[in-house]
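A quick write-up on the structure given underneath.
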Amino acid sequence: LQPGYPLISVSQVCENGRRKVTVSQEQFRLDEPAPEQRLWRVPLQVGTVDGRAWTTLLSSRSSTLTQGSCEGTLVVDPHSVGYYRIQYDRASFDAALQREIDRFAPDLVVLAGFMRILTAPFVAHYAGRMLNIHPSLLPAFPGLDTHKKALEAGVPEHGATVHFVTAELDHGPMVAQARVPVLPGDTEDTLAARVLAEEHKLYPYAVRLFVEDRLSIEQGDVRIAQIA
């Protein structure tokens, strides 16, 4: 858990044919008031009962919801929590995410705006079938603030890269790139907008190459098969 976020726990019991679910929260910052003095008031989606969302406003240390009966299955979903999110350690988060993804047995996992460093076991599980798009012409400017870095470096062109995901951040085998000029008077916002327009064309193109089984990785480089 990261400091400053509450831990949400959910428990349920059946009493006299009625389901009671208790949602509790704890605090984890030693430099702030204790949980009794500083409580989080957030809309919390506890989960679903037979596909129907079950939501409560968690405005005190704990909150108890009563379902009309014990029929149906309560599926606790602590990841969809309205205006805030529960913070897990990386390994636990990735393990839970992997289980959820694998329910759908995807051929390809596509990351888009997923600003989180993935653990090595998660990446290894989807090796060769997980793509990411990065707003720079890799290997230039990995990480954050790519448009700012490009302007500060004075490069004549910038762009985006689609690559296979590996354990090393923004260093996987590259599938395709799109290039845009860096114009006089460009700001981070104008440059970002120009790159984003190309990203919207580049990513579908790269995904199509994968779906058409035209991509292969040979000695760390991507090869694109031509259509016969």
Side-chain angles (χ1 to χ4, degrees), residues 1-2 7-12 19 21 44-55 67 71-82 84-135 138 142 160-178 196 198-228:
L1 288 167
Q2 296 181 3
L7 169 68
I8 299 298
S9 62
V10 180
S11 61
Q12 64 172 321
R19 184 202 311 272
V21 177
L44 173 69
Q45 179 174 307
V46 177
T48 58
V49 178
D50 289 348
R52 180 170 55 84
W54 219 21
T55 306
Q67 173 75 358
E71 297 178 358
T73 301
L74 171 66
V75 179
V76 176
D77 178 14
H79 303 294
S80 300
V81 289
Y84 93 113
R85 56 185 179 181
I86 301 170
Q87 298 291 312
Y88 294 96
D89 64 88
R90 289 176 56 203
S92 298
F93 179 92
D94 284 6
L97 180 61
Q98 180 179 314
R99 288 193 299 270
E100 186 66 18
I101 292 173
D102 286 351
R103 288 178 51 228
F104 301 92
D107 295 313
L108 176 66
V109 176
V110 179
L111 305 181
F114 193 72
M115 304 295 288
R116 190 181 183 98
I117 297 176
L118 298 166
T119 55
F122 183 93
V123 172
H125 183 71
Y126 299 107
R129 56 193 182 105
M130 181 160 58
L131 293 176
N132 181 52
I133 190 165
H134 181 75
L138 293 174
T161 305
V162 176
H163 64 93
F164 282 100
V165 178
T166 61
E168 187 175 2
L169 179 66
D170 297 331
H171 278 76
M174 292 184 287
V175 176
Q177 291 184 318
L196 184 61
E198 295 302 316
E199 288 184 49
H200 289 167
K201 294 180 285 186
L202 180 67
Y203 219 175
Y205 165 73
V207 170
R208 178 176 291 277
L209 291 176
F210 183 95
V211 171
E212 292 177 347
D213 199 24
R214 294 172 58 192
L215 299 179
S216 61
I217 302 175
E218 301 176 10
Q219 298 181 339
D221 294 323
V222 174
R223 300 285 184 264
I224 301 177
Q226 299 299 315
I227 298 178

- prompt: In this structure, are over 12 heavy atoms from other groups packed under 6.0 Å from Asp221 atom CG?
  reply: yes
- request: With sequence neighbours excluded, tell me which residues meet side-chain hydrogen bond (donor to acceptor under 3.5 Å, both in side chains) with Glu198.
  value: Lys201
query: Passes side-chain contact (heavy atoms from CB on, under 4.5 Å), Leu108 versus Val110? Steps please.
result: CA-CA 6 Å; Leu108 176 66; Val110 179; 3.7 Å; yes
- prompt: Could you give the distance from CG (Leu97) to NE2 (His125), rounded to the nearest 0.5 Å?
  reply: 10.0 Å
- prompt: Just by modelled atom types, is the Leu138 backbone N or O under 3.5 Å from a matching donor or acceptor in the Thr161 side chain?
  reply: yes
- prompt: How about Ile133 and Leu111: do any of their side-chain heavy atoms sit closer than 4.5 Å?
  reply: no
message: Tell me every residue that passes ring-ring contact (aromatic ring centres under 6.0 Å, His included) with Tyr203, counting only those two or more places apart in sequence or in another chain.
response: none
query: Is there side-chain contact between Phe164 and Arg129, with heavy atoms separated by less than 4.5 Å?
result: no
- prompt: So do the side chains of Val162 and Asn132 get within less than 4.5 Å of each other, counting heavy atoms only?
  reply: no
task: Show your reasoning for whether side-chain contact (heavy atoms from CB on, under 4.5 Å) applies to His163 and Leu131.
output: CA-CA 6 Å; His163 64 93; Leu131 293 176; over 6 Å; no
query: Minimum heavy-atom separation for Ile217 to Pro173, with atom names?
result: CG2-CG, 4.1 Å
task: Output, in order, the C-alpha distance, side-chain angles, deciding distance and verdict of side-chain contact (heavy atoms from CB on, under 4.5 Å) for Phe104 and Val109.
output: CA-CA 11 Å; Phe104 301 92; Val109 176; over 6 Å; no
message: Under a 3.5 Å distance rule, please check whether Arg223 uses its side chain to pair with a backbone N or O of Ser216 as donor and acceptor.
response: no
- prompt: Is there a donor-acceptor pair closer than 3.5 Å between any side-chain N or O of Asp94 and the backbone N or O of Leu118?
  reply: no
